[in-house]
Amino acid sequence: MCGIFGYVGERDVVEVLVAGLKRLQYRGYDSCGIAVLDGNELAIVKEAGRIERLEQVLSRYTFQAKVGIAHTRWATHGKPTPTNAHPHIDCHGTVSIVHNGVIDNFLNLRESLLNRGHILRSETDTEVIAHLIEEELSKISHEGEKAFVFLKAVMKAVSQLKGSYAIACLWEGAPGVIVSARQGSPLLIGVGNNEACIGSDLNAVLPITKQVILLNDGELALVTQTKVWVFDIEGKEKKVAVQRIEWEVTEEDRAGFPTFMLKEIYEQPERIRKIIALRCQGANPPIFEELDMPPSQLIGFRRIIVQAAGTSWHSGLYGKYLFERYLRIPTDAEIASEFRYREPVLEQDTLVIAISQSGETADTLAGIRQARSRFVPVLSLCNVPGSTMTRESDAVIYLHAGPEIGVASTKAYTAQLAHLFLLTLHLARLKWLLSQDNINQLLDQFNQLPEKMEKILDEQESIVRECAKTFLDSRYFLYLARGINYPTALEGALKLKEVSYIHASGYPAGEFKHGPIALVDKDTPVVCIAPVDSVYEKTLANIEEVKARGGRLIVVTTEGNRDFDEMAEFIFTIPQIHEDLTPLLTVIPLQLLAHHVAAMKGLDVDKPRNLAKSVTVE
Ligand code: M6R
């Protein structure tokens with residue numbers, strides 16, 4: 001989705017803005033632009049397409065600027081053209097604005113602005129904000145410090161907006177000032193030494209400074225090189241809370257890998273090692289230092305609802321299997337966008353668990369707000385510190401996957417599974433449902449994950465590559481599994497769809513004969529996830545049914561299992577591990593398969609069409 005960055009300080013502003021944009025590009029975008037105040041004059045450069053193109057155009061100019069704003073746009077209102085790209089300006093070109101979010105009442109606002117003689121140039125909802133600020137500036141007194149005049153005009157303009165926004169604006173009348181506002185879309189401010197920046201995302205801000213102010217909904221900020229003020233929408237000044245955020249900023253380079261997605265797939269063993277070091281010291285039950293919910297409360301829940309979107313929902317489904325098996329707590333895994341509008345039954349003894357890589361997904365956030373408004377506590381499993389979900393939940397567990405740049409989630413998924421497994425052990429221990437011996441045995445298995453992940457990456461990659469080459473031109477894939485690997489089937493299918501644009505569906509293997517089996521013909525690749533586990537015999541029978549109908553079998557199974565030697569065209573093996581940990585291994589060849597098919601098709605694996613890394617609109 002769209003990204004915002006802004007800077008005021010002594011550095012080369014254009015260079016800093018472009019670097020900021022590059023750190024935001026992983027979110028997905030189709031056009032980009034910057035506005036700088038060159039002395040007292042606004043200069044705007046924007047382009048459709050990639051940042052490199054914007055950079056080329058910018059190389060023709062020399063600006064003497066100390067302040068600027070920048071934007072990567074993911075089109076919602078109007079096509080990705082240079083005119084629709086941000087920044088947008090008012091009639092006279094003295095106010096400039098970048099915006100993330102959606103203004104719900106923009107059509108009404110636009111019509112009244114047109115009736116009042118404004119000339120609007122783009123099809124976007126954003127442009128109306130620049131014109132509203134212009135009108136407010138013309139109505140209010142310009143006595144006193146211009147920065148505060150500007151702030152007041154922005155405050156009055158945003159009070160007319162309905163919908164979601166994070167904005168940053170410049171005005172020729174107040175050089176050296178950025179005014180920002182937040183309602184429903186993330187925005188943070190970096191407070192450096194004689195410099196400041198604003199951004200929609202930590203990745204953009206942290207290379208400048210780790211001292212950060214996290215704006216809340218309904219707040220505005222006046223940002224200058226030396227000082228930041230925060231106000232509520234009524235203009236009341238608020239205490240500024242600067243906090244230090246420790247979060248590794250991703251290197252822009254791909255460490256020798258052709259794509260971020262592949263780099264992140266290969267990072268998984270290391271990430272799990274980190275999680276082990278952090279959570280499983282010695283043979284104790286897992287440690288969740290940040291989990292701010294008393295044990296007495298944690299053991300009292302009689303129902304769990306996990307709500308999340310996309311890949312995070314798949315890990316939620318994995319959580320359901322674990323919570324029911326080990327904790328005997330009835331658990332639902334809900335798609336967040338359905339959960340929020342379904343009028344769910346929410347009772348006081350229910351725990352809602354939200355899972356999210358970004359911590360900004362609008363649907364999941366709405367589910368959190370819905371639960372909390374009904375006094376149901378929310379525990380979030382989230383990767384990004386300081387994100388909105390971490391601030392709006394009753395308790396948080398951080399995923400420690402590190403920044404994930406590829407739009408297709410890989411290492412965040414396995415970090416989610418790992419944390420759900422460890423959380424289950426933690427709760428089982430608190431509830432005295434597992435003995436210390438049982439916990440130790442399970443942790444011993446968990447500790448073997450990194451090595452086993454590495455083995456898969458070392459030994460299976462070439463077979464997966466061969467398989468990708470064979471099925472490159474297939475029109476659709478089917479993914480089947482039973483039990484705790486059913487979420488793996490969904491995740492494998494989603495990965496393939498996202499990056500290769502080949503249709504794929506995941507099904508519980510036992511459900512397949514109730515309809516989808518009609519899809520199978522002699523050309524259909526069917527990926528069967530069949531580790532030797534408690535449901536293996538049943539899965540095997542379902543696979544036989546597929547084979548009997550001519551499907552082309554690709555099987556993921558346990559090392560040493562020879563059942564598929566005659567049956568399958570490709571076999572990817574995983575080392576032996578406890579059944580409930582197999583999803584952390586079986587998904588790896590499927591991530592590689594999706595990646596390789598997309599790469600062989602020459603597609604942009606890290607930025608698949610139409611997708612965004614952080615989905616901040618409904
Ligand atoms: O940041 P979140 O985990 O809340 O994001 C949820 C989904 O948008 C996300 O998992 C999406 O499905 C990914 N592109 C999957 O690869």
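Predicted, not measured: the structure shown is a model, and the values here were computed from it. Counting starts at 1 for both ligands and their atoms, in listed order. One is the number of the first residue; the rest follow in order along the sequence. All values below were derived from every heavy atom in this structure, side-chain atoms included, with hydrogens, water molecules and symmetry-related copies excluded.
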Engineer: Which pairs with one or both residues in residues 598-609 pass side-chain hydrogen bond (donor to acceptor under 3.5 Å, both in side chains), sequence neighbours excluded?
Structural biologist: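 The answer is R50-D604.
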Engineer: Going by heavy atoms, is K495 under 4.0 Å from ligand 1?
Structural biologist: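 Yes; K495 lies near enough to ligand 1 that a heavy-atom distance drops under 4.0 Å.
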Engineer: Could you find the nearest protein heavy atom to atom 8 (O) of ligand 1 and give me its residue, atom name and distance?
Structural biologist: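 Scanning the protein heavy atoms, the shortest distance from atom 8 (O) of ligand 1 goes to V615 CG2, 3.9 Å.
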Engineer: Where the side chain of R254 meets the backbone of F260, is there a donor-acceptor pair that is under 3.5 Å apart?
Structural biologist: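 Answer holds: no.
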Engineer: Quick check: are there more than 12 heavy atoms from other residues, nucleotides or ligands sitting under 6.0 Å from CZ of R475?
Structural biologist: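 Counting neighbours around CZ of R475, 12 or fewer heavy atoms of other residues, nucleotides or ligands fall under 6.0 Å, so no.
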Engineer: Which protein heavy atom lies closest to atom 5 (O) of ligand 1, and at what distance to 0.1 Å?
Structural biologist: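 In this structure, atom 5 (O) of ligand 1 has T361 OG1, 3.4 Å as its nearest protein heavy atom.
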Engineer: Give the ring-plane orientation class for H86 versus H99, where under 30° counts as parallel, over 60° as perpendicular and anything between as tilted.
Structural biologist: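 If you compare the ring of H86 with that of H99, the planes turn out parallel.
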Engineer: Determine whether the side chains of S312 and Q416 contain a donor N or O and an acceptor N or O closer than 3.5 Å.
Structural biologist: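 A pair is found: one side chain offers a donor N or O, the other an acceptor, under 3.5 Å apart.
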Engineer: Any idea which protein heavy atom is nearest atom 13 (C) of ligand 1, and the distance to it?
Structural biologist: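 Sorting protein heavy atoms by distance from atom 13 (C) of ligand 1 puts E498 OE2, 3.3 Å first.
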Engineer: Give the ring-plane orientation class for F446 versus F421, where under 30° counts as parallel, over 60° as perpendicular and anything between as tilted.
Structural biologist: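 Rings of F446 and F421: parallel, under 30°.
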Engineer: Would you mind running through ligand 1 and noting each atom that sits below 4.0 Å from a heavy atom of V407?
Structural biologist: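 Listed by number with element: 13 (C), 14 (N), 16 (O).
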Engineer: Name the residue from E454, K411, Q591, R273 that meets the side chain to side chain donor-acceptor pair (under 3.5 Å) definition with Q268.
Structural biologist: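 With Q268 as partner, E454, K411, Q591, R273 yield a single side chain to side chain donor-acceptor pair (under 3.5 Å), made by Q591.
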Engineer: Considering only the protein, which heavy-atom contact is closest to atom 15 (C) of ligand 1, and what is its distance?
Structural biologist: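 Protein heavy atom at minimum distance: T311 OG1, 3.0 Å.
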Engineer: To the nearest 0.1 Å, how far is atom 1 (O) of ligand 1 from its closest protein heavy atom, and which atom is that?
Structural biologist: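 So the nearest neighbour among protein heavy atoms is S358 OG, 2.7 Å.
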Engineer: Mind checking whether Y398 and H400 have parallel, tilted or perpendicular rings, split at 30° and 60°?
Structural biologist: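 Geometry flag for H400 against Y398: perpendicular rings.
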Engineer: For ligand 1, which atoms, with element, lie under 4.0 Å from some heavy atom of A408?
Structural biologist: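 Listed by number with element: 16 (O).
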Engineer: Any idea which protein heavy atom is nearest atom 6 (C) of ligand 1, and the distance to it?
Structural biologist: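 I find the closest protein heavy atom is A309 O, 3.3 Å.
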Engineer: Does ligand 1 come near enough to S356 that some N or O of the ligand is less than 3.5 Å from an N or O of the residue?
Structural biologist: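 Yes; the residue has a nitrogen or oxygen that sits under 3.5 Å from a nitrogen or oxygen of the ligand.
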Engineer: I need the atoms of ligand 1 closer than 4.0 Å to a non-hydrogen atom of S312, numbered in the order shown.
Structural biologist: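 Every atom of ligand 1 under 4.0 Å from some heavy atom of S312: 2 (P), 3 (O), 10 (O).
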